[in-house]
Visitor: 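What follows is a structure written as structure tokens; I'll ask about it next.
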Amino acid sequence: MKEQLAKIRAEALAAFQAARDASELDALRVQYLGKKGELTGVLKMMGKLSAEERPAMGQLANEVRAALEQAIEVTSQKLSEAALVQQLKDEALDVTIPGTQVKMGHKHPMYIALDEIKDIFIGMGFTVLDGPEVELAEYNFDRLNAEEGHPSRDWSDTFYFDEDSRVMLRSQTSPMQVRAMDSMELPIRIVAPGRVYRKDEVDATHSPMFHQVEGMVIDKGVTMADLKGTLNTVVEQLYGKGTKTRFRPHHFPFTEPSCEMDVQCHKCGGVGCPTCKGEGWIELLGAGMIHPKVLQMAGIDTEIYSGWAFGIGLERTAMRRFKIADLRLIFENDIRFLEQF
Ligand code: PHE
């Protein structure tokens, strides 16, 4: 038994020495000192020894156990130090190496204009709404007082999904007026920006997809004077104090009276130049007092409430704001163009 203990001791110490990492060392600990380990196996045979032999052998066995445990302790310490050194080496970071520059993008000019418009209206207590681009004719036409047969419903102008012309890509953001009336408590003050679609050929001022911002107010005693006052304030904030506007009579099925608003040409100051095609004014938006029929279809009492609405072309606003001559530049995403803003 004495020889056996000496053999285990020598073997174990050599094996511990050779362990390459903590898990190998742990496996060895189990192999020698575990419940079914080699040393434990020898200790179990102690019972067979005579009473005289037992104390000396017991002491020796304890010494071997203590020696192995201490060796494990020391080796484990050594391995973890080595592991740390290796980790530090692997993760070494040279802070003097020049970094790779991150190229930051920036806002598209049209979204700069949109954010300005939103800020102005939010400042006046309006809520910003979002709505579907795939719209029902019910909202895009019927409830906006554009009955079957109205020219704006023609297949040559509108992208329909079905034979019956009930589902479509919205041709204007005005259906958001109806959606707001259906879902919000009175009084209502909203702006609703988004994409709209029409069957137009692409040229310097047209695109089959473009953006509008719808605006609407419904409250007690709202008049055309409120519409003009609000829009004049917005235009002055967008284009500078003293910017002149002009309201011309127009027709929309869902407003009565209806108008278009022009802004004095920023290039010539109203004298007439190529930018404004000699007019001195540039058309910016359509607007009007919401037609009583539209309010009534939404269940709003027209004896108490009235409202106004407008729809502004966003590309056109951005073009004016940044003096961009061709609409196509807004959609082409040419970096050389976009970098200028
Ligand atoms: N929806 C109209 C258009 O697309 C604009 C408009 C909006 C007119 C609201 C009046 C009121 O031309």
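Every number for a ligand or one of its atoms is a count from 1 in the order of the listing.
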Visitor: In terms of heavy-atom contacts, does NZ of Lys199 have more than 12 from other residues, nucleotides or ligands at under 6.0 Å?
Guide: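 Above 12, so yes.
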Visitor: Enumerate the side chain to side chain donor-acceptor pair (under 3.5 Å) contacts for residues 148-157, please, sequence neighbours excluded, ordered by first and then second residue.
Guide: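 Residue pairs with at least one partner in residues 148-157: Asp142-Arg153, Glu148-Arg166, His150-Ser152, Asp154-Ser156, Trp155-Ser165.
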Visitor: Check whether more than 12 heavy atoms from other residues, nucleotides or ligands sit under 6.0 Å from atom CG of Asp130, and answer yes or no.
Guide: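 Result for CG/Asp130: open.
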Visitor: For His211, is there any backbone N or O sitting under 3.5 Å from a side-chain donor or acceptor partner on Glu315?
Guide: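 Present.
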Visitor: With a 4.0 Å cut-off on N to O distance, would you call Arg179 and Glu135 a salt bridge?
Guide: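 Result for this pair is yes, salt bridge flagged.
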Visitor: Is there a donor-acceptor contact under 3.5 Å from the side chain of His106 to the main chain of Leu338?
Guide: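 Confirmed, His106 side chain pairs with Leu338 backbone.
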Visitor: Check each protein residue for a heavy atom under 4.0 Å from ligand 1 and list those that pass, ordered by chain and number.
Guide: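 The 4.0 Å shell around ligand 1 contains Gln172, Ser174, Gln177, Arg198, Gln212, Glu214, Phe252, Phe254, Thr255, Gly286, Ala287, Ala309, Phe310, Gly311.
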